[in-house]
Amino acid sequence: MTRAAAEPIAPDRLEVVPATSERWPDVVTLLGGADERGCWCQAWRGSAGRSTPAAPAGNRARLEAQVRSGSFAPGVIAYLDGSPVGWCGLGPRAAMPRLVNSRTIPSVDEAPVWSIGCFVVRTGFRRRGVARALLRGAVAYVRSQGAPCVEAYPIDPAGARVSTSFGFTGFTAMFEAEGFRRVLLTDAHSASLPRWLVRRDLT
């Protein structure tokens with residue numbers, strides 16, 4: 001028997017805001033589960049010289065410092081009726097050393113672009129419009145910081161159903177529906193699919 005699809009959430013019930021210091025407990029709720037494998041949104045934010053991600057405890061401490069005392073919010077949080085249901089990690093590409101030095105996702109120009117790195121949506125709220133709301137909130141936050149453009153690195157499943165464990169990149173169709181354009185087919189992969197560099201101009 002095929003399980004019925006969950007009902008979409010009305011957009012006006014979702015609020016997306018920057019992950020500021022007072023919201024740290026909600027970040028823990030979203031990223032502290034066993035399914036997240038201790039990344040704490042540090043895959044690209046780590047030291048340029050680090051070849052592998054740090055241990056989960058170190059990653060958590062790094063993200064907490066970024067949330068509590070960083071010069072920008074490292075992500076946005078989606079709330080449904082006041083409860084945290086989703087996270088989108090972001091920041092200036094220049095502030096992500098492992099992305100700056102990536103051989104598989106190269107810079108395409110010298111613009112001070114911001115990058116959207118990942119989406120995390122709680123079980124029970126997936127495929128209901130939370131990721132789309134997070135993307136819109138992320139773009140709004142990046143624009144508020146004066147960035148001229150924002151980019152991301154999603155996959156194109158070409159009609160295939162992809163496990164939510166690989167959906168952290170987002171999908172090209174969602175980005176294109178929000179005004180992003182495909183710029184480069186990169187050498188990076190997720191779910192055995194190549195990741196596209198997509199970009200949206202904000203000025």
Side-chain angles (χ1 to χ4, degrees), residues 18-19 24 27-28 30-77 86-121 131 134-135 138-139 141-142 145 147-156 162-172 175 180 182-200 202:
W24 173 248
V27 177
V28 174
L30 292 166
L31 302 185
D35 290 346
E36 304 311 321
R37 302 179 183 177
C39 176
W40 293 94
C41 210
Q42 297 302 299
W44 286 334
R45 302 182 204 271
S47 167
R50 188 184 300 277
S51 59
T52 57
N59 284 337
R60 172 176 169 151
R62 288 179 179 86
L63 182 60
E64 182 172 9
Q66 292 155 8
V67 168
R68 294 192 182 280
S69 58
S71 59
F72 59 88
V76 293
I77 302 171
W87 161 271
C88 176
L90 49 74
R93 180 166 176 143
M96 301 180 180
R98 295 185 67 219
L99 181 55
V100 168
N101 294 297
S102 174
R103 295 181 179 179
T104 58
I105 304 179
S107 298
V108 295
D109 54 33
E110 298 301 316
V113 64
W114 280 49
S115 296
I116 294 173
C118 64
F119 295 85
V120 175
V121 179
L134 283 164
L135 177 55
V139 169
Y141 177 67
V142 173
Q145 299 302 295
C149 48
V150 57
E151 66 184 29
Y153 319 101
I155 58 175
D156 181 357
V162 176
S163 168
T164 54
S165 63
F166 293 105
F168 71 93
T169 63
F171 301 108
T172 51
F175 284 91
F180 286 74
R182 300 190 194 205
V183 176
L184 177 71
L185 184 62
T186 77
D187 291 329
H189 289 75
S190 182
S192 300
L193 295 169
R195 298 175 68 170
W196 281 88
L197 189 156
V198 298
R199 180 177 283 192
R200 176 173 167 177
L202 302 178

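All residue numbers in this chain count up from 1 along the given sequence. Side chains are part of it too, since the values below use all heavy atoms of this structure and drop only hydrogens, waters and symmetry mates.
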Q: Might you work through the side chain to side chain contact (heavy atoms under 4.5 Å, CB included) test for Gln66 and Arg45, ending with a clear yes or no?
A: CA-CA 10 Å; Gln66 292 155 8; Arg45 302 182 204 271; 3.4 Å; yes
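- Remark: Gln145 CD to Ser71 OG distance equals 8.5 Å, nearest 0.5 Å.
- Here CG of Leu184 is found 6.0 Å from CG of Leu197. Values are rounded to the nearest 0.5 Å.
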Q) ring-ring contact (aromatic ring centres under 6.0 Å, His included) between Trp44 and Tyr153: does it pass, once the steps are laid out? A) CA-CA 12 Å; Trp44 286 334; Tyr153 319 101; 5.4 Å; yes
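- The side chain to side chain donor-acceptor pair (under 3.5 Å) check on Thr172 picks up Arg182, with sequence neighbours excluded.
- Val120 and Leu30 make their closest contact through CG1-O, 3.7 Å (heavy atoms, listed as atom of the first residue, atom of the second, distance).
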**Q.** CA sep, side-chain torsions, deciding dist, call: Leu99, Ile105, side chain to side chain contact (heavy atoms under 4.5 Å, CB included)
**A.** CA-CA 7 Å; Leu99 181 55; Ile105 304 179; 4.2 Å; yes
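- Pro112 pairs by the side-chain contact (heavy atoms from CB on, under 4.5 Å) definition with Pro148, not counting sequence neighbours.
- Considering OG1 of Thr169 and CZ of Phe119, their distance stands at 8.5 Å, rounded to 0.5 Å.
- Nearest approach of Pro154 to Val198, heavy atoms of both residues: CD-CG2, 3.6 Å.
- Contact record, Trp87 with Pro74: CZ2-O, 3.7 Å, taken as the closest heavy-atom pair.
- A donor-acceptor contact shorter than 3.5 Å is absent between the side chain of Ser102 and the backbone of Arg98.
- At least one donor-acceptor pair closer than 3.5 Å links the side chain of Asn59 to the backbone N or O of Gly38.
- Between the Ser115 side chain and the Gly117 main chain, no donor and acceptor come within less than 3.5 Å of each other.
- For Thr186, the side chain to side chain donor-acceptor pair (under 3.5 Å) criterion is met by no residue, not counting sequence neighbours.
- Evaluation of the salt bridge (Lys or Arg N to Asp or Glu O under 4.0 Å) test over residues 187-199, restricted to residues two or more places apart or in two chains, returns Asp109-Arg199, Glu151-Arg199.
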(Q) I'd like to know whether Trp24 forms a side chain to side chain contact (heavy atoms under 4.5 Å, CB included) with Arg68, so could you lay out the CA-CA distance, the side-chain angles of the two residues, the decisive distance to 0.1 Å, and finally the verdict. (A) CA-CA 8 Å; Trp24 173 248; Arg68 294 192 182 280; 3.1 Å; yes
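- Here the side chain of Arg60 pairs no donor or acceptor atom with the backbone of Pro56 at under 3.5 angstrom.
- Annotation: side chain of Phe180 is in contact with side chain of Leu135 (closest heavy-atom distance under 4.5 Å).
- Closest of all the heavy-atom pairs between Gly91 and Phe72 is CA-CE1, 3.7 Å.
- A 4.5 Å side-chain heavy-atom check between Ile155 and Trp196 finds every atom pair outside the cut-off.
- When the side-chain contact (heavy atoms from CB on, under 4.5 Å) test is applied to Leu202, the partners found at least two apart in sequence or on another chain are Val139, Val142, Arg143, Val150, Arg200.
- Counting only distance, with no hydrogens or angles, the side chain of Gln42 and the backbone of Trp40 share a donor-acceptor pair below 3.5 Å.
- The side-chain contact (heavy atoms from CB on, under 4.5 Å) search around Ala138 returns Val76, Cys88, Leu90, Ile116, not counting sequence neighbours.
- Across all non-hydrogen atoms, the minimal contact from Ala19 to Val27 is CB-CG2, 4.2 Å.
- The two residues Phe175 and Ala152 make their nearest non-hydrogen contact at CE2-CB, 3.3 Å.
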